[in-house]
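All values below come from the heavy atoms of this structure, side chains included, with hydrogens, waters and symmetry mates left out. These figures come from a predicted structure and were not determined experimentally.
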Amino acid sequence: MTERNDRPSVTVIGMGNMGSAVARAYLERGYRTTVWNRTADKAEALADAGAVVASTAAKAVAASPLTILSLLDNTAVEDVLESVGQAAAGHTLVSLTSGSPAQARANQTWAIERGAAYVDGKIMGDPPDVGTPKVSLAFSGDRDAFETAEPALRELGTVLYHGPDAGFAAVEFNAQVAMGYEFLIGFLHTLNLVDREGMDLEAFTGRLAGSLNGYAGLLQMMTGAIKSGTYGPDLGSLDVQAALMDDLIGHRESTGVEAVRMREVKSLMDRRIAQGHGDQGFSSMYELLRP
């Protein structure tokens with residue numbers, strides 16, 4: 001790296017796998033990169049790559065207009081912010097740490113009270129892919145600060161800004177990840193059912209993967225119905241679906257496979273039918289889930 005005073009400057013706090021990958025991405029792109037980690041030897045490992053190692057978190061923040069926080073959890077973020085204190089004034093803090101929407105909003109309030117700007121971010125991808133389009137990043141919070149930091153943030157991957165509410169990036173991330181877990185645990189239970197019946201798991205999975213292609217359009221249609229409040233028989237009327245659910249539950253119970261989710265669906269269907277909406281489709285059950 002050549003030493004030029006006009007190079008963009010960034011600080012990265014937290015030298016775990018993801019934080020180290022973020023710092024290395026900036027170093028490779030010619031940024032003057034300052035790093036800090038509670039365990040100093042992890043930060044020193046970046047010195048050979050050209051990073052400046054700060055002695056304290058406050059000095060690290062003061063070294064650059066933009067600081068990226070990549071820590072284990074929001075408790076660690078709070079600890080770092082407390083140690084930084086008024087040194088944050090006039091700087092932009094971007095957290096790439098997992099946490100709740102409420103925590104993100106609290107961090108934003110902390111920053112505002114100290115004259116700093118706060119942008120909450122969530123990163124979806126693996127450390128080796130940081131700096132490539134394989135990594136997606138959701139951001140929300142101070143709009144002006146985001147727009148100023150956006151060129152540097154785009155060095156890390158594909159970026160999407162969700163608005164000035166600092167909690168929205170966490171909503172997006174938590175919802176995306178939770179949906180993945182909901183699907184995958186259902187997949188494992190379904191494989192258990194198929195396996196117990198003696199069918200070939202790999203062949204079944206191949207057929208299922210093909211079936212999933214049709215769900216993208218269905219999801220959009222269901223969301224449109226929920227927004228409009230007009231519910232057609234998307235997967236068929238609930239009157240018909242409820243009878244099918246009895247078969248699905250009975251099949252699982254006969255093989256000893258968990259049926260909690262199937263029973264939940266059947267319970268919602270029965271409640272919606274009892275309300276006089278048996279002619280409507282699956283999406284109409286959202287009315288029972290509204291706050």
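- Both M262 and L235 belong to a single network of hydrophobic side chains, linked directly or stepwise wherever heavy atoms of I, L, V, M, F, W or Y lie under 4.5 Å apart.
- Annotation for N17: atom CG does not count as buried by contact number, only 12 or fewer foreign heavy atoms lying within 6.0 Å.
- Across every non-hydrogen atom of G281 and S284, the tightest pair is O-OG, 2.7 Å.
- Of all heavy-atom pairs between V12 and G19, the closest is CG1-O, 3.7 Å.
- For the pair R290 and I226, the minimum side-chain heavy-atom distance is below 4.5 Å.
- Under the 4.5 Å side-chain contact rule for hydrophobic residues, I13 and V22 do not share a cluster.
- Residue pairs satisfying the ring pair (Phe, Tyr, Trp, His ring centres under 6.0 Å) criterion with at least one member in residues 123-170, sequence neighbours excluded, are listed as follows: F139-F146, F146-Y161.
- Between E197 and T255, the closest side-chain pair of non-hydrogen atoms falls below 4.5 Å.
- I68 and L81 fall into different hydrophobic clusters, where Ile, Leu, Val, Met, Phe, Trp and Tyr side chains are chained together by heavy-atom contacts under 4.5 Å.
- L72 has its side chain out of reach of T97: every pair of non-hydrogen atoms, C-beta onward, lies at least 4.5 Å apart.
- Of the possible donor and acceptor atoms, none in the side chain of S267 sits under 3.5 Å from a partner among the backbone N and O of R263.
- The closest side-chain donor-acceptor pair between S283 and D234 falls under 3.5 angstrom.
- Legend: side-chain hydrogen bond (donor to acceptor under 3.5 Å, both in side chains) pairs involving residues 169-187, not counting sequence neighbours, sorted by first then second residue: E172-Q176.
- The distance from the CG atom of L238 to the CG atom of D270 is 9.5 Å, given to the nearest 0.5 Å.
- The side-chain heavy atoms of I249 and K266, taken from C-beta on, include a pair separated by under 4.5 Å.
- A donor-acceptor pair under 3.5 Å is absent between the side-chain atoms of D126 and the main chain of P128, judged by distance alone.
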Would you check, one step at a time, whether the test side-chain contact (heavy atoms from CB on, under 4.5 Å) holds for S237 with V240?
CA-CA 5 Å; S237 69; V240 174; 3.4 Å; yes

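- Side chains of H277 and E287: no donor on one and acceptor on the other come within 3.5 Å.
- In this structure the side chain of T11 never reaches within 4.5 angstrom of the side chain of L66, judged on heavy atoms.
- The two atoms that bring L156 and A25 nearest to each other are CD2-CB, 4.2 Å, heavy atoms only.
- Note: M269 CE to M245 CE = 5.5 Å, rounded to the nearest 0.5 Å.
- A salt bridge does not link R143 with E150: none of the charged nitrogens is closer than 4.0 Å to a carboxylate oxygen.
- Contact record, L288 with L268: CD1-O, 3.3 Å, taken as the closest heavy-atom pair.
- The shortest non-hydrogen separation linking A170 to S100 is CB-C, 3.8 Å.
- In this structure, the separation between CG on L248 and CG on L244 is 4.5 Å, given to the nearest 0.5 Å.
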Side-chain donor-acceptor pairs under 3.5 Å in residues 34-53, sequence neighbours left out?
residue	atom	partner	partner atom	Å
N37	OD1	M15	N	2.8
N37	ND2	T39	O	2.9

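- Hydrophobic clustering, with ILVMFWY side chains joined whenever heavy atoms are under 4.5 angstrom apart, keeps I123 apart from L69.
- Tracing side-chain contacts under 4.5 Å through hydrophobic residues (I, L, V, M, F, W, Y), one reaches L289 starting from M285; they form part of the same cluster.
- The CZ atom of R29 sits 14.5 Å away from atom CZ of R7, with the distance rounded to the nearest 0.5 Å.
- N107 and N74 are linked by a side-chain donor-acceptor pair at a separation below 3.5 angstrom, with hydrogens and angles left out of the test.
- Screening residues 200-213 for side-chain hydrogen bond (donor to acceptor under 3.5 Å, both in side chains), with sequence neighbours left out, gives no hits.
- Side-chain atoms of T132 come within 3.5 Å of backbone N or O of D129 as a donor-acceptor pair.
- Between M18 and V130 there is a side-chain heavy-atom pair separated by less than 4.5 Å.
- A 4.5 Å side-chain heavy-atom check between D120 and Q103 finds every atom pair outside the cut-off.
- In Y215, the OH atom is not crowded: 12 or fewer heavy atoms of neighbouring residues, nucleotides or ligands sit closer than 6.0 Å.
- For the pair P8 and Y26, the minimum side-chain heavy-atom distance is 4.5 Å or more.
- Remark: the R272 side chain and the Q275 side chain contain an N/O donor-acceptor pair separated by less than 3.5 Å.
- Listed here is the closest heavy atom pair of G167 and P101: O-CB, 3.6 Å.
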Side-chain polar contacts of residues 87-94 - donor-acceptor pairs under 3.5 angstrom, sequence neighbours left out - could you list them?
residue	atom	partner	partner atom	Å
H91	ND1	V61	O	3.3
H91	ND1	S64	O	2.7

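- Atoms CG and CE, on L218 and M221 in that order, are 5.0 Å from each other to the nearest 0.5 Å.
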Determine whether V260 and E264 satisfy the following criterion, side-chain contact (heavy atoms from CB on, under 4.5 Å), listing intermediate values before the conclusion.
CA-CA 6 Å; V260 170; E264 177 191 7; 5.6 Å; no

Please report the C-alpha distance between R24 and T33 in whole Å, then the side-chain angles of each, then the deciding distance to 0.1 Å, and finally whether the side-chain contact (heavy atoms from CB on, under 4.5 Å) criterion is met.
CA-CA 9 Å; R24 290 186 185 280; T33 306; over 6 Å; no

Show your working on side-chain contact (heavy atoms from CB on, under 4.5 Å) between L137 and V135 and close with a plain yes or no.
CA-CA 7 Å; L137 301 103; V135 168; 4.0 Å; yes

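- Note that CG of D142 is 9.5 Å distant from CD of E147, once rounded to the nearest 0.5 Å.
- Checking side-chain atoms of R252 against main-chain N and O of A259 turns up no donor-acceptor pair under 3.5 Å.
- A search for ring pair (Phe, Tyr, Trp, His ring centres under 6.0 Å) contacts involving F173 returns nothing, not counting sequence neighbours.
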